[in-house]
Amino acid sequence: RCNLTACSSKMHPMWQGPLAVPGGDRQSPIDIVVRKSVLDTELKPLKTTYDPKTCQQIWNNGYSFLVEYDDTTDKNTLKGGPLQDTFRLCQFHFHWGETNDWGSEHTVDRRLFPAELHLVHWNADRYSLFEEAVMEDNGLAVIGVFLKVGKRHEGLQKLVDALPTIRHKDSVVEFTCFDPGCLLPANTDDYWTYHGSLTTPPLTESVTWIVMKQHIEVSHDQLAVFRSLLFTSAEEEVQKSMVNNFRVQQPLRGRTVRSSFT
Ligand SMILES: NS(=O)(=O)c1ccc(C(=O)NCC(F)(F)F)cc1
Ligand SMILES: [Zn+2]
């Protein structure tokens, strides 16, 4: 639980005021208030098809670490759920805290998770490049998966082993044969969905968020390796640990969060 004292300190950016964004009335992340979410029986099951061979590289962009895929073909697609079009995976990344007490961007009835996975897809039916789609209100679809600390995630270990090779900002290494599907929970039929934004600059309001109800488990040690990454590049004198790379929660502004389950 995030008690007020812990949150009021500078160590815990959780309760800073919402970062003002001109005209921002669909900003992310948000707190998902379960009893206020509305069941939508029209919501379909999610359909994901991922090809591990299209995994290309892993790199530290100074906010998080990204695993990037070849999105020039329809090899990695997301369909169904709340989506009318076919979306292509371009990358996935995580957000985490300095301790296991917080780190996720979304919360469920104010419950914080130690980390959150984002699988970022763009609308390939309507746009020809990710960079175009990111500016359009139906351009992106991001799947959010909460992480809890528990048993070791075998599929994640290959990624964890690569992190020490990209400790500094702007470092990149080749990373192949990784199935992002192994990071999805067993049940992908139960999710919440709402219209929101990127949670890092430029904060564009182009994201259909699909937040999984079921979390995945990773071990304490696996998460500790995330925290060994650095925000700073190799040249900078003062090295800063890459932790608490989550945005503060944003006002709902009258939006409805729909659920695919009761
Ligand atoms: N944390 S998030 O909302 O899933 C998220 C996903 C993607 C990006 C991203 O590609 N920013 C670079 C861009 F597109 F040029 F702006 C930022 C945040
Ligand atoms: Zn993210």
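Atoms within each ligand, like the ligands themselves, are counted from 1 in listed order.
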**Prompt:** Looking only at protein heavy atoms, which one is nearest to atom 8 (C) of ligand 1, and how far off is it?
**Reply:** Leu198 CD2, 3.9 Å
**Nearest-contact summary for atom 3 (O) of ligand 1 - protein heavy atom, Å** = Thr199 N, 2.9 Å
Residue [X] vicinity, atoms of ligand 1 by number, heavy atom under 4.0 Å:
X	result
Thr200	17 (C), 18 (C)
His95	1 (N)
Pro202	16 (F)
Phe130	10 (O), 14 (F)
Gln91	7 (C)
Val134	14 (F)

**Item:** Exercise check, heavy-atom protein proximity under 4.0 Å to atom 15 (F) of ligand 1
**Value:** no
**Message:** If we count only non-hydrogen protein atoms and require a distance under 4.0 Å, does atom 6 (C) of ligand 1 qualify as touching the protein?
**Reply:** yes
Under 4.0 angstrom from ligand 1, any heavy atom of [X]?
X	value
Tyr63	no
Trp209	yes
His93	yes

**Message:** I want to verify a count. Protein N, O or S atoms less than 2.8 Å away from the Zn ion (ligand 2), how many are there?
**Reply:** 3
Is [Y] paired with [X] through a side-chain N to carboxylate O contact shorter than 4.0 Å?
X	Y	value
Arg258	Asp40	yes
Arg88	Asp74	yes
Lys53	Asp51	yes

**Asked** Can you get from Leu43 to Ile210 by hopping between Ile, Leu, Val, Met, Phe, Trp and Tyr side chains that sit under 4.5 Å apart?
**Response** yes
**Message:** According to a hydrophobic-cluster definition based on side-chain heavy atoms being under 4.5 Å apart (Ile, Leu, Val, Met, Phe, Trp, Tyr only), do Leu183 and Met212 belong together?
**Reply:** yes
**Request:** Give a yes or no on whether the backbone of Lys151 and the side-chain of Glu217 come within a donor-acceptor separation of less than 3.5 Å.
**Result:** yes
**Request:** Under 4.0 Å, heavy atoms only, figure out whether ligand 1 is touched by the backbone of Glu131, its side chain, both or neither.
**Result:** neither
**Request:** Using a 4.0 Å heavy-atom cut-off, say whether Val120 meets ligand 1 through its side chain, its backbone, both or neither.
**Result:** side chain
**Asked** Who passes ring pair (Phe, Tyr, Trp, His ring centres under 6.0 Å) against Trp192, sequence neighbours left out?
**Response** Phe261
**Under the ring pair (Phe, Tyr, Trp, His ring centres under 6.0 Å) test, residues paired with Phe113 that sit two or more places apart** = Phe146
**ring-ring contact (aromatic ring centres under 6.0 Å, His included) assessment of Phe65 paired with Phe175** = CA-CA 12 Å; Phe65 63 90; Phe175 192 69; 9.2 Å; no
**Request:** Check the side chains of Asp31 and Thr107 for a donor-acceptor pair under 3.5 angstrom, ignoring hydrogens and angles.
**Result:** yes
**Asked** Do Phe246 and His106 have ring centres separated by under 6.0 Å?
**Response** no
**Asked** Ser233: what forms a side chain to side chain contact (heavy atoms under 4.5 Å, CB included) with it, not counting sequence neighbours?
**Response** Lys169, Glu235, Glu236
**Asked** Hey, mind stepping through His118 and Trp209 against ring-ring contact (aromatic ring centres under 6.0 Å, His included) and telling me if it holds?
**Response** CA-CA 10 Å; His118 289 158; Trp209 279 96; 4.7 Å; yes
